[in-house]
Amino acid sequence: MAGRGLRLSVAVWAVTRAVLLMCVLRVWVMPGSDVSVDIEVIYQGWYGVLRTGTFPYDDVTWQYPPAAALAVLAPGLLPFLDYAPAFFVVCFVADAAVYALLLYAVRDGRRPATGVWAWVAGVPLLGPIVYARYDVMVTAVAVAALLAAGRRARLSGALTAFGALLKVWPVLLVVGTPRGARTRAAWGSAAMTAAVLGLLFAASMPGALAFLTFQRDRGTEVESLGSLVFHLGRHAGWHGHARLHYGSVEFLGPYVHTMSRLALVLSVLAFVWLLLWRVRARRFTACTPYEAAFAAVLLFTTTSRVISPQYVVWLLGLAAVCLTMGTTRQRLPIALVLLAAPLTQLEFPIWFSHVVASDKLGVATLTLRNGLLVVATLISCARLWRETVSLPGAPDTPDDDPPAEKEPALLAG
């Protein structure tokens with residue numbers, strides 16, 4: 001039965017991905033905003049600059065750490081295609097890599113195939129944006145890092161560092177590493193890899209750190225949690241507007257700066273909570289590294305000044321890894337993320353004009369999507385705390401001895 005289910009997943013994956021490719025290649029034109037424009041204009045512009053050996057440090061839309069240059073340059077590996085089609089093919093390959101990693105993790109039949117199906121179904125629910133941004137490439141690195149964590153901590157740390165240099169958020173993957181030898185190995189490897197790669201980029205390409213300034217100056221994007229205040233405020237006399245600013249559509253007007261600072265405060269509080277959890281946690285199980293990573297990325301997604309639709313692909317990848325562990329307690333928040341995926345496709349690209357206009361349809365869709373993410377975050381964090389923080393008088397589980405028989409054996413040496 002399991003074998004037939006996995007074979008069926010291959011067929012479903014192939015069909016749904018063919019549809020996504022047809023969408024981004026405009027064989028089938030979806031309603032709403034064109035998700036491919038950023039690739040044809042912004043990414044291709046970066047590609048031209050990066051090929052000269054320098055970062056686009058005078059372009060405020062370049063807001064990514066230095067290894068992101070590799071993702072933007074990757075379509076050059078397919079010189080027989082124009083830039084945009086080549087980029088979509090690279091994203092397709094990254095999607096296939098995530099799928100293959102998940103299949104490998106459940107290959108022996110001892111772990112459920114639920115995670116495989118979460119990825120197979122979740123990506124088309126989110127829509128063609130998955131192939132029109134480089135986040136699926138980062139997700140592939142993150143999934144490999146998490147699946148390697150059980151048996152090869154140093155490799156996991158190195159992959160985590162590489163992922164963080166692609167798009168920062170994978171640094172959160174190491175938050176749930178059991179204390180002791182595995183933490184020292186993973187964190188040490190991550191620090192060394194980040195230092196070496198960071199120095200190489202800084203020494204070889206001018207402008208490697210310019211992204212820090214551009215990220216600092218970003219405002220409140222129209223799809224973020226904080227933006228709901230201004231969407232509703234427009235119906236109550238708030239005199240602001242939505243404009244393309246720093247590479248995304250943001251609100252500009254009174255109190256926007258205050259809301260942006262509040263979002264930063266919330267992100268700091270999220271970090272403080274994670275630090276407190278890390279100090280207090282005692283019962284590390286085979287599921288803990290994956291559940292902690294999922295909860296941490298949920299926290300920083302919901303508190304961000306920007307919740308771009310492609311961010312949900314991060315959550316889908318981490319959710320799929322969690323579900324490869326049959327004992328995970330994150331099923332409800334994962335279900336909520338899966339429900340948020342089609343709503344994300346509705347708010348962008350299909351109804352994005354309604355979101356920008358703050359009309360009833362746009363605000364209702366965005367409120368429901370963001371509400372699902374907030375509830376998923378609260379439940380995920382509460383369950384992580386309950387399952388790992390020792391109660392008074394409860395025995396601790398040894399940090400370095402989680403149940404090895406339930407860990408994915410990916411990349412085991």
Side-chain angles (χ1 to χ4, degrees), residues 16-96 123-124 126-140 166-167 205 207 210-211 214-215 218 221-223 242-250 306-314 344-353 355-356:
T16 55
R17 275 41 177 192
V19 171
L20 291 182
L21 282 173
M22 287 192 293
C23 289
V24 291
L25 292 170
R26 299 193 183 97
V27 175
W28 179 34
V29 179
M30 286 189 63
S33 301
D34 186 350
V35 299
S36 304
V37 169
D38 280 12
I39 306 303
E40 297 169 343
V41 178
I42 299 176
Y43 279 55
Q44 190 162 354
W46 293 338
Y47 176 78
V49 175
L50 289 166
R51 288 182 64 190
T52 68
T54 186
F55 285 94
Y57 54 82
D58 57 351
D59 182 351
V60 297
T61 62
W62 178 260
Q63 299 161 5
Y64 308 106
L70 301 178
V72 176
L73 290 169
L77 297 172
L78 304 172
F80 49 87
L81 292 175
D82 291 338
Y83 183 83
F87 185 91
F88 304 144
V89 170
V90 172
C91 289
F92 170 82
V93 171
D95 176 10
V123 167
L126 184 57
I129 191 67
V130 176
Y131 287 179
R133 302 294 186 271
Y134 82 93
D135 296 76
V136 68
M137 305 181 203
V138 188
T139 302
L166 281 168
K167 203 163 186 180
M205 296 180 69
F211 77 99
F214 300 148
Q215 274 290 345
R218 293 198 74 167
E221 189 253 355
V222 295
E223 296 162 282
R243 293 288 185 272
L244 185 63
H245 189 246
Y246 277 88
S248 64
V249 180
E250 298 179 356
V306 179
I307 306 182
S308 295
Q310 63 268 24
Y311 291 8
V312 178
V313 76
W314 315 342
T344 300
Q345 184 174 186
L346 284 176
E347 62 92 357
F348 186 90
I350 297 175
W351 290 340
F352 191 59
S353 61
V355 172
V356 173

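Numbers here are sequence positions counted from 1.
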Distance-minimising heavy-atom pair for Asp82 and Pro85: O-CD, 3.2 Å
- line: When every non-hydrogen atom of Ser36 is compared with those of Val24, the smallest separation belongs to OG-O, 3.1 Å
Close side-chain approach of Val130 and Cys91, heavy atoms under 4.5 Å: no
- prompt: Atom CG in Leu21, atom CH2 in Trp28: separation rounded to 0.5 Å?
  reply: 13.0 Å
task: Start with the C-alpha gap between Val49 and Trp62, add the side-chain angles, then the distance that decides, and say whether side-chain contact (heavy atoms from CB on, under 4.5 Å) holds.
output: CA-CA 11 Å; Val49 175; Trp62 178 260; over 6 Å; no
message: Please find the pair of heavy atoms, one from Val313 and one from Leu126, that lie closest to each other, and give the distance.
response: N-CD2, 3.6 Å
query: Taking the inter-plane angle between the rings of Phe87 and Tyr43 on a 0 to 90° scale, is it parallel (under 30°), tilted (30 to 60°) or perpendicular (over 60°)?
result: perpendicular
- prompt: How about Asp34: does its CG atom have over 12 heavy atoms from other parts shown lying under 6.0 Å from it?
  reply: yes
- request: Search all heavy atoms of Gly207 against all heavy atoms of Phe55 and return the closest pair with its distance.
  value: O-CB, 3.5 Å
query: Can you check side-chain contact (heavy atoms from CB on, under 4.5 Å) on Val306 and Tyr311, steps first, answer last?
result: CA-CA 9 Å; Val306 179; Tyr311 291 8; 3.6 Å; yes
- prompt: Are any of the side-chain heavy atoms of Phe92 and Val136 separated by less than 4.5 Å?
  reply: no
message: Keeping Asp59 on the side-chain end and Thr61 on the backbone end, is there a donor-acceptor pair under 3.5 Å?
response: yes
- prompt: What distance do Leu20 atom CG and Ile129 atom CD1 have between them, rounded to the nearest 0.5 Å?
  reply: 11.0 Å
message: I want to check something: taking the side chain as every heavy atom from C-beta on, are Val123 and Asp95 in contact at a cut-off of under 4.5 Å?
response: yes
task: Would you indicate whether the side-chain heavy atoms of Met137 and Leu166 approach each other to under 4.5 Å?
output: no
task: For the residue pair Tyr134 and Gln310, establish whether any side-chain heavy-atom pair is separated by less than 4.5 Å.
output: no
task: Could you tell me which non-hydrogen atom of Glu223 sits nearest to which non-hydrogen atom of Pro309, and how far apart they are?
output: OE2-CD, 3.4 Å
message: Nearest 0.5 Å, please: how far is CG in Leu50 from CE in Met205?
response: 5.0 Å
- request: Taking the side chain as every heavy atom from C-beta outward, state whether Val72 and Tyr83 have any atom pair closer than 4.5 Å.
  value: yes
message: If I take atom CZ from residue Arg51 and atom CG from residue Leu73, how far apart are they, to the nearest 0.5 angstrom?
response: 8.5 Å
- line: To the nearest 0.5 Å, atom CZ of Phe348 lies from atom OG of Ser308 at 8.5 Å
- request: Give a yes or no on whether the backbone of Cys23 and the side-chain of Tyr131 come within a donor-acceptor separation of less than 3.5 Å.
  value: no
message: Just verifying a value: how many Å separate Ile39 CD1 and Arg133 CZ, rounded to the nearest 0.5 Å?
response: 5.5 Å
query: Taking the side chain as C-beta and beyond, is there a heavy-atom pair between Pro128 and Phe88 under 4.5 Å?
result: no
